[in-house]
Amino acid sequence: MGRLFVVHLEGKIYSCKHCRTHLALSEDIVSKSFHSRHGKAYLFSKVVNVSTGEKEDRQMLTGMHTVTDIFCVGCGSIVGWKYEIAHEKGQKYKEGKSVLERYKVSGPDGSNYWVSHEAHVGGSDADEV
């Protein structure tokens with residue numbers, strides 16, 4: 001395996017809670033109204049230092065989407081998913097954007113989000129944006 005190239009961000013950074021690898025900037029948040037099976041999740045226009053898994057179709061709260069899981073390049077932990085294709089016209093704005101699960105990342109102030117007992121257990125997706 002070759003050398004690992006990691007992008008270091010400046011500003012208000014979201015990072016992997018396991019290894020602190022930088023993942024995204026606060027200014028790239030599109031929506032904080034998303035949900036995953038672990039609770040809150042944020043939609044970002046740009047993320048860095050992630051690798052992607054296989055494309056798969058998932059039925060989410062807002063319809064069928066083709067997505068790939070995204071993994072931290074520093075430690076391999078799954079940190080969220082990327083929207084490849086939104087099959088419903090009203091959801092096309094998600095294409096090419098990524099969701100980071102708050103349970104799996106540290107916030108700009110170093111805070112972690114802990115799973116609440118009310119966390120949704122079904123499909124993952126957004127509320128109305």
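In this chain, numbering begins with 1 at the start of the sequence shown. Side-chain atoms are counted along with the backbone in the values below, which use heavy atoms only and exclude waters and symmetry mates.
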J.: Run through the side-chain heavy atoms of Ile, Leu, Val, Met, Phe, Trp and Tyr, join any pair under 4.5 Å, and report what else lands in M64's cluster.
T.: none
J.: Go through the steps to decide whether V30 and K97 satisfy the test side chain to side chain contact (heavy atoms under 4.5 Å, CB included), and finish with yes or no.
T.: CA-CA 9 Å; V30 175; K97 295 178 178 66; 4.1 Å; yes
J.: Which hydrophobic side chains are connected to I85, either touching it within the sub-4.5 Å cutoff or through other members that do?
T.: none
J.: Suppose we screen for side chain to side chain donor-acceptor pair (under 3.5 Å). Which residues come up paired with T68, at least two apart in sequence or across chains?
T.: none
J.: Any donor-acceptor pair under 3.5 Å linking the side chain of H22 with the backbone of R20?
T.: no
J.: Let me confirm one number: the CG-OG distance from D28 to S98, rounded to the nearest 0.5 Å.
T.: 10.5 Å
J.: Got Y103 and K17 here, is their nearest side-chain heavy-atom distance under 4.5 Å?
T.: yes
J.: Which residues pass the salt bridge (charged side-chain N to carboxylate O under 4.0 Å, His left out) test with E95, not counting sequence neighbours?
T.: K92
J.: Is C75 close to C16 at the side-chain level, that is, under 4.5 Å between some pair of heavy atoms?
T.: yes
J.: Among all residues two or more places apart in sequence or in another chain, which pass the side chain to side chain donor-acceptor pair (under 3.5 Å) test with H87?
T.: T66
J.: Show the nearest heavy-atom pair for residues S51 and V73, with the distance to one decimal.
T.: N-CG1, 3.8 Å
J.: Can you see which heavy atom on G107 is nearest to which on R102, and at what distance?
T.: N-NH1, 3.5 Å
J.: I'd like to check the ring pair (Phe, Tyr, Trp, His ring centres under 6.0 Å) partners of Y14; sequence neighbours left out, ordered by chain and number.
T.: Y42, F44
J.: Looking at every heavy atom in both K46 and A24, which two are closest together, and how far apart are they?
T.: O-CB, 3.8 Å
J.: What is the distance from atom OG of S33 to atom CG of L43, rounded to the nearest 0.5 Å?
T.: 10.0 Å
J.: Answer yes if the side chains of K94 and T62 hold a donor-acceptor pair under 3.5 Å, and no otherwise.
T.: yes
J.: Which value, rounded to the nearest 0.5 Å, describes the distance between H35 atom NE2 and M60 atom CE?
T.: 13.5 Å
J.: Please check if the side chain of K104 supplies one atom and the backbone of S77 the other of a donor-acceptor pair under 3.5 Å.
T.: no
J.: Mind checking the CG-CD1 spacing from L100 to I29? Nearest 0.5 Å is all I need.
T.: 9.0 Å
J.: Can you give me every donor-acceptor pair (side chain of residues 5-12, partner residue at least two apart or in another chain, under 3.5 Å) with its distance?
T.:
none

J.: Given the rule that I, L, V, M, F, W and Y join up when any side-chain heavy atoms are under 4.5 Å apart, are Y93 and Y83 in one cluster?
T.: yes
J.: Tell me whether W81 is reachable from F71 by hopping between hydrophobic residues (I, L, V, M, F, W, Y) whose side-chain heavy atoms are closer than 4.5 Å.
T.: no
J.: Hey, could you give me each pair passing salt bridge (Lys or Arg N to Asp or Glu O under 4.0 Å) that has a residue in residues 73-82? Not counting sequence neighbours.
T.: none
J.: Using side-chain heavy atoms (C-beta onward) and a distance below 4.5 Å, is I13 in contact with P108?
T.: no
J.: If a pair satisfies salt bridge (Lys or Arg N to Asp or Glu O under 4.0 Å) and one of its residues is in residues 54-65, list it, with sequence neighbours excluded.
T.: E56-R58, R58-D69
J.: Can you check whether V79 reaches V50 side chain to side chain, under 4.5 Å on heavy atoms?
T.: yes
J.: To the nearest 0.5 Å, how far apart are CD in Q91 and NE2 in H65?
T.: 4.5 Å
J.: Please report the shortest heavy-atom distance between V99 and A41, naming the atom on each side.
T.: CG1-CB, 3.5 Å
J.: Apply salt bridge (charged side-chain N to carboxylate O under 4.0 Å, His left out) to K32 and list each qualifying residue two or more places apart in sequence or on a separate chain.
T.: none
